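Inspection log for the structure reproduced underneath, given as C-alpha cells.
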Amino acid sequence: MSENRGPVVALVPAAGRGVRLGESVPKAFVELGGRSMLRRAVDGLLESGAVDTVVVIVPEDLIDTARARLPDGVVVVAGGEERADSVRAGLSVVDGAEFVLVHDAARALTPPSLIARVVAELQAGRTAVIPVLPVSDTIKTVDVLGAVTGTPLRSELRAVQTPQGFTTELLRRAYRDVNGDATDDAGLVERLGERVRTIVGEPEAFKITTPWDLTLARVLLGRSGSEQGS
Ligand code: C5P
C-alpha cells in the first residue's frame, strides 16, 4: 500500500465542565506547571510534527479566553451539550483533511511521539487507529445495585487512550450514521462494522480526571523539570 501524506487535522474536545476534578475552572483550563491542560495538549500535537491544523472545541463563554491563550493558527469553536456534539462541531469546520485525530485535552502529558505513531499508521493505510494499554486490574461488570454480573477475561481487555485517528471520510460517516453517544470515537466507528486497529499506547497519555490524577501529573512534571519550560 502506498503512503498517503494528505493533510492531518486534530480535534481537541475541551468543552466539558470536568466536575470530577474538583477545581473551580473547567478541566481543560486547569493549570499544570504554568500551562493549562488544553495548552499542553495543543503544544504536544504541534510538537509531533505530524499535525497540520488543530481545532479546539471549548464552552461558548470561553472562546475568547481560549483564543488568547493558544498559539496563532489554532482554530477555536464552541462545543455542545455532549462530547459527541462537541466533536461534531469540530468536524463541521474541517475542510480538505485526509485524516482526523481526536485528542482529549485531559491527556495533557501525551508524548508527541505517540501522536506521530498514530498518524504514521493512518499514512500506511489504516482507516481507524487507537492507542491502548493492557489493564493491570481485574475488571468486573456490575448491576445498578453494585452486585457483580461478570468478569471479562483480563487478557482480552485494553484501556483506550487518545489521540484516536481516522480517515476523515470514516469519522464523518460514523458521526452521520450512528445514533447515540459513545465514550470514545472509535466506539462509533465499531458500530459501523469497520475495523479499528490498536497500537501500543504510553503511560504518560493517561487521562487527568480526578484530583489524584492531577497530583500525579504535577509530580511527573516536577520530576522531569518541565515546569521551567512552560
Ligand atoms: O467527560 P469526559 O472526561 O469523557 O470528556 C472527554 C473529553 O470530552 C474532555 O476533554 C471534555 O472536555 C470533552 N467534552 C466536550 N464537550 C462536552 C463534554 C466533554 O468537548 N459536552
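Everything quoted here is computed from the prediction, not taken from an experiment. Counting starts at 1 for both ligands and their atoms, following the listed order. For the numbers below, each heavy atom of this structure counts, side chains included, while hydrogens, waters and symmetry mates do not.
- Interatomic distance, CD1 of Ile115 versus CG of Leu45, reported as 4.5 Å (0.5 Å rounding).
- Using modelled atom types and a 3.5 Å distance limit, the side chains of Thr167 and Thr127 yield no donor-acceptor pair.
- Looking at Arg83 and Asp184, no side-chain N of the basic residue comes within less than 4.0 Å of a carboxylate O on the acidic one, giving no salt bridge.
- Ser86 OG, 2.7 Å is the protein heavy atom nearest to atom 16 (N) of ligand 1.
- In this structure, atom 7 (C) of ligand 1 lies nearest to the protein heavy atom Asp104 OD1, 3.4 Å.
- With a 6.0 Å radius and a threshold of 12 heavy atoms from other residues, nucleotides or ligands, Asp95 has its CG atom at or below the threshold.
- Those atoms of ligand 1 with a heavy atom of Glu81 less than 4.0 angstrom away are 21 (N).
- Only side-chain heavy atoms of Lys27 come within less than 4.0 Å of ligand 1; its backbone N, CA, C and O stay farther off.
- At least one heavy atom of Ala105 sits under 4.0 Å from some atom of ligand 1.
- Looking only at heavy atoms of the protein, atom 5 (O) of ligand 1 is closest to Arg83 CD, 4.4 Å.
- Taking atom 1 (O) of ligand 1 as the reference point, the nearest protein heavy-atom neighbour is Arg20 NH2, 3.4 Å.
- Counting protein heavy atoms only, atom 12 (O) of ligand 1 is closest to Gly16 N, 2.9 Å.
- Comment: Glu202 engages Arg117 in a salt bridge, judged by a side-chain N to carboxylate O separation of less than 4.0 angstrom.
- Looking at ligand 1, you won't find any N or O of Ile57 less than 3.5 Å from one of its N or O atoms.
- Heavy atoms of Ala15 found under 4.0 angstrom from ligand 1 belong to the backbone as well as the side chain.
- Between Glu194 and Arg173, at least one side-chain N (NZ, or NE/NH1/NH2) sits under 4.0 Å from a carboxylate O, which counts as a salt bridge.
- For atom 10 (O) of ligand 1, the nearest non-hydrogen atom from the set Ala14, Ala106, Pro13, Ala84 belongs to Pro13.
- Looking at heavy atoms from C-beta onward, Val30 lies out of side-chain contact with Ser36 at the 4.5 angstrom threshold.
- Scanning the protein for heavy atoms near atom 4 (O) of ligand 1, the closest one is Lys207 NZ, 3.2 Å.
- Interatomic distance, Arg195 CZ to Glu190 CD, rounded to the nearest 0.5 Å: 12.0 Å.
- A salt bridge does not link Arg40 to Asp43: none of the charged nitrogens lies less than 4.0 Å from a carboxylate oxygen.
- Note on ligand 1: Thr183 sits outside its first shell, no heavy atom being nearer than 4.0 Å.
- The closest approach between a heavy atom of Gly80 and any atom of ligand 1 is below 4.0 Å.
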